[in-house]
Amino acid sequence: MGRKKTIETAYRIGTAYLKKRGVESPAFVSELLLRSALNWDRTRLFTHFAQPLDEDAAVCFARWLSRRAKGIPVQYLLGEQEFYGRTFQVGPEVLIPRPETEVLVETVLREADRIWPKDSVTAADLGTGSGAIAVTLAAERPSWQLVAMDRSQGALTTARKNGKRHRVNDRIQWLAGDWLQPLIAAGLKVDIAISNPPYIPSDVIEGLDVEVKENEPRLALDGGPDGLAPYRVIIRQLASLINRPGLIAFEVGEAQSEDVERMLVHQWAGADVFTLPDLAGRPRVVTARIGIPR
């Protein structure tokens, strides 16, 4: 992009460039990258279309266009993603938070308010990644204590930064380890366990979009041969770690809800287990109320 090009010209060139390379929603992405390069809001962008594009912004915009065309997710280019009304830092070391995971958070908040309407609780976020779930729960419920675990040190570094950004690190313990091993080692128990674990079957990953399979961490995607390996481990380990009453909530992938329901019922006879859909109507959140009269 040269200094003499107007912002409108840059926007149109960017849109055409992305469209030619098969990038989804090229006009939207071109606008977003251009606004971010300028650090402008949408109104300012479109009311200054005739203005020459600053050279530094032009260089940044061109670099981002090239990387997006190669499959790098926009969220990694900009370094952030919105989740539950808050902005979270993201990078290649963490899975990008998805809108469907907001249903998981909403379910936990609603169910916890019914079970513990006035009490403080301890909740564990298993495989915290960016920390979006743990930070959101801590921000939404100032009386709660959180324990968030991940085996990726890179993910924990990002998660701590997000906790600091939203001023909740004083109520979150960030622990390194595989699933509930840190809790087992510390002898801790929790009232709530929440997890969006890797649930994509190993042999399906190669068929995913390039921007997912080649950019997002496989550790956060691969759920083993049938996609259910993490649920088996978590449910087995939770048997001695979940208080009564207790609440467990999982995000699940396509066609997995019934299997996860069966695992929970098998582990906790008499538990109230149910599944809720995401905004697209797909079974998405499997929840178990433990030790609570129906």
Side-chain angles (χ1 to χ4, degrees), residues 80-81 83-91 93-97 101-102 104-113 115-116 118-198 217 219-220 230-231 233-251 285 287-288 290-291:
E80 61 183 34
Q81 168 71 355
F83 181 82
Y84 215 82
R86 297 177 179 87
T87 300
F88 288 83
Q89 177 180 325
V90 296
E93 69 283 349
V94 300
L95 191 74
I96 298 167
T101 305
E102 294 185 355
L104 177 65
V105 169
E106 288 171 355
T107 300
V108 168
L109 292 172
R110 182 178 62 251
E111 291 298 321
D113 286 349
I115 301 168
W116 303 279
K118 297 180 180 179
D119 299 333
S120 174
V121 300
T122 299
D125 177 18
L126 312 175
T128 192
S130 67
I133 291 174
V135 170
T136 299
L137 292 176
E140 292 292 320
R141 296 293 182 271
S143 66
W144 289 18
Q145 297 295 316
L146 277 294
V147 184
M149 289 152 279
D150 206 292
R151 52 182 160 173
S152 166
Q153 288 290 352
L156 285 173
T157 296
T158 297
R160 286 190 186 96
K161 290 178 181 177
N162 283 319
K164 181 179 180 180
R165 169 184 281 193
H166 296 293
R167 301 179 180 181
V168 294
N169 271 348
D170 60 323
R171 291 184 290 109
I172 303 177
Q173 294 184 64
W174 303 105
L175 302 177
D178 193 14
W179 299 123
L180 284 94
Q181 286 301 325
L183 290 185
I184 294 171
L188 297 175
K189 288 192 172 186
V190 298
D191 304 299
I192 299 170
I194 181 170
S195 185
N196 174 23
L219 189 66
Y231 302 101
V233 174
I234 293 170
I235 290 170
R236 183 177 67 250
Q237 292 179 341
L238 269 176
S240 61
L241 300 176
I242 191 82
N243 289 323
R244 274 49 164 195
L247 179 68
I248 300 170
F250 291 120
E251 180 173 324
V285 176
T287 305
I290 310 294

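Since we're looking at a predicted model, the values are computed, not measured. No hydrogens, no waters, no symmetry mates; every other heavy atom, side chains included, goes into these values.
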Can you give me the closest heavy-atom contact between [X] and [Y], atom names plus distance?
X	Y	result
Leu219	Ser152	CD2-CB, 4.1 Å
Ala148	Leu156	O-CD2, 4.4 Å
Trp174	Arg160	CD1-CG, 3.4 Å
Asn169	Gly163	OD1-CA, 3.2 Å
Pro245	Trp116	O-CZ2, 3.4 Å
Trp179	Pro198	CH2-CD, 3.5 Å

Determine whether [X] and [Y] make a side-chain contact, defined as any pair of heavy atoms from C-beta on separated by less than 4.5 Å.
X	Y	result
Ser143	Lys118	no
Val190	Ile242	yes
Pro97	Tyr84	no
Val105	Glu102	no
Glu111	Leu109	no
Arg86	Glu140	yes

Donor-acceptor list for residues 234-241 side chains, cut-off 3.5 Å, not counting sequence neighbours:
residue, atom, partner, partner atom, Å
Gln237, OE1, Leu180, N, 3.0

Query raised in the report: Under 3.5 Å, is there a donor-acceptor pair between the side chain of Asp178 and the main chain of Arg151?
Result: no

**Report entry** Check: Gly291 main-chain N/O paired with Arg244 side-chain donor or acceptor under 3.5 Å
**Finding:** no

To the nearest 0.5 Å, what is the distance between [atom1] ([X]) and [atom2] ([Y])?
X	Y	atom1	atom2	result
Asp125	Ile172	CG	CD1	8.5 Å
Asp113	Asp119	CG	CG	11.0 Å
Gln173	Leu183	CD	CG	8.5 Å
Arg171	Leu146	CZ	CG	7.0 Å
Leu188	Leu175	CG	CG	8.0 Å
Asn196	Thr128	CG	OG1	10.5 Å

Report task. Would you indicate whether Arg167, at its atom CZ, is surrounded by more than 12 heavy atoms from other residues, nucleotides or ligands within a distance under 6.0 Å? Result -> no

Requested in this report: Please determine, by modelled atom types, if Thr87 and Glu80 share a side-chain donor-acceptor pair under 3.5 angstrom.
Outcome: no

Requested in this report: Quick one: list whatever passes side-chain hydrogen bond (donor to acceptor under 3.5 Å, both in side chains) with Ser130, sequence neighbours left out.
Outcome: none

Requested in this report: Apply the side-chain contact (heavy atoms from CB on, under 4.5 Å) test between Leu247 and each candidate in Ile115, Asp191, Ile194; give the one that qualifies.
Outcome: Ile115

Query raised in the report: Any idea how Tyr231 and Phe250 line up, ring-wise: parallel (<30°), tilted (30 to 60°), or perpendicular (>60°)?
Result: perpendicular

